[in-house]
Amino acid sequence: MTVITHPRRKSNLATMIDSAGGVSVGVALAQARANIESMRGQALAVIESGISALEAVPAPSSREETPARLDQAYRAATTLIDAAGPFELFDLCRAAAGLCDLIGAIDPEQPFDWRIVTVHARSLRLLQNLPLEATEERARILDSLNEVIERKLAQTG
C-alpha cells in the first residue's frame, strides 16, 4: 500500500475551473451572436464566390471528365453550406445540400445530366437575390429542386 506523505498540489487550471466567475450564459450567447454577425459580410462574399464557382464549373465533355467536374460542383456546394449555415440562410443551405446529396448518390462513372448542376446554380443565385420576406417564392424554388432530385435519385436506384 502506498502512503502519500506530502500534500497534493492543485494545478492552476483546476483552480480556475473550480472558481466562480466568467460570464452568464445569456451574456456569452449575446457576445457570440455579435461576433458571428460581425462576420456576415465575409460570409456573404464567400457565398457569392461559391455560387460563381458553381456557375463556372464547365459541363464535362467526356465520361472521363465527369468525376472531376462533379467533385468541383460538390466542393462549391459545400462551401455554400459552410458559409450560409451560421447565418441561418437555410434556403441556400437546403438547395446546396440537395445538390450534394444527389452528387453523392450517383455513380460518377455513369452518364450525368449536367443541367441539374446548372439549374441548382441558377436557383442558388435566385435564392441569394430574393428578399428574405419572399417565403412563398423561396419555398417553390426549393420544392422544385427537391422534385428534380427525387426524380433523378429514383432513376439511379
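Below, each value reflects all heavy atoms present in this structure, side chains not excepted, and no hydrogens, waters or symmetry copies.
- Placement of L126 and L142 within a single hydrophobic cluster is found when ILVMFWY residues are connected by side-chain heavy-atom separations under 4.5 Å, directly or transitively.
- In this structure the side chain of W114 reaches within 4.5 angstrom of the side chain of V57, judged on heavy atoms.
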I'd like a table of donor-acceptor pairs (distance under 3.5 Å, sequence neighbours excluded) in which one partner is a side-chain atom from residues 82-101, with atom names and distances.
from, atom 1, to, atom 2, distance (Å)
D91, OD2, R138, NH1, 3.2

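- Smallest separation of non-hydrogen atoms from N35 and S38: O-OG, 2.6 Å.
- Residues passing the side chain to side chain donor-acceptor pair (under 3.5 Å) test with R115 are D113, sequence neighbours excluded.
- Considering OG of S123 and CG of L54, their distance stands at 10.0 Å, rounded to 0.5 Å.
- No side-chain heavy atom of K152 sits less than 4.5 Å from a side-chain heavy atom of E147.
- The OG1 atom of T66 sits 10.5 Å away from atom CG of D107, with the distance rounded to the nearest 0.5 Å.
- Under the 4.5 Å side-chain criterion, counting only non-hydrogen atoms from C-beta, Q110 is not in contact with I106.
- A salt bridge does not link E64 with R69: every distance from a Lys NZ or Arg NE/NH1/NH2 to an Asp or Glu carboxylate oxygen is 4.0 Å or more.
- Going from atom CG of L80 over to atom CD of E48 covers 10.0 Å, rounded to the nearest 0.5 Å.
- Summarising the geometry, atom NE2 belonging to H120 is positioned 11.0 Å from atom OG1 belonging to T118; distances are rounded to the nearest 0.5 Å.
- Applying side chain to side chain contact (heavy atoms under 4.5 Å, CB included) to L145 and the options L124, V119, I116 leaves one that passes, V119.
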message = Using side chain to side chain contact (heavy atoms under 4.5 Å, CB included), reason through L44 and R40 one step at a time and then give a plain yes or no.
response = CA-CA 6 Å; L44 293 176; R40 183 177 287 274; 4.0 Å; yes

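- When the shell of 6.0 Å around CZ of R140 is examined, it contains more than 12 heavy atoms from other residues, nucleotides or ligands.
- Counting only heavy atoms from C-beta outward, the side chains of F112 and V117 approach each other to under 4.5 Å.
- Classification of R33 and E37 as a salt-bridged pair fails, no side-chain N sitting under 4.0 Å from a carboxylate O.
- For R75, the side chain to side chain donor-acceptor pair (under 3.5 Å) partners are D71, not counting sequence neighbours.
- Between A121 and I51, the shortest heavy-atom contact is O-CG2, 4.1 Å.
- Looking only at distances, a side-chain donor or acceptor of E65 sits under 3.5 Å from a matching main-chain atom of S61.
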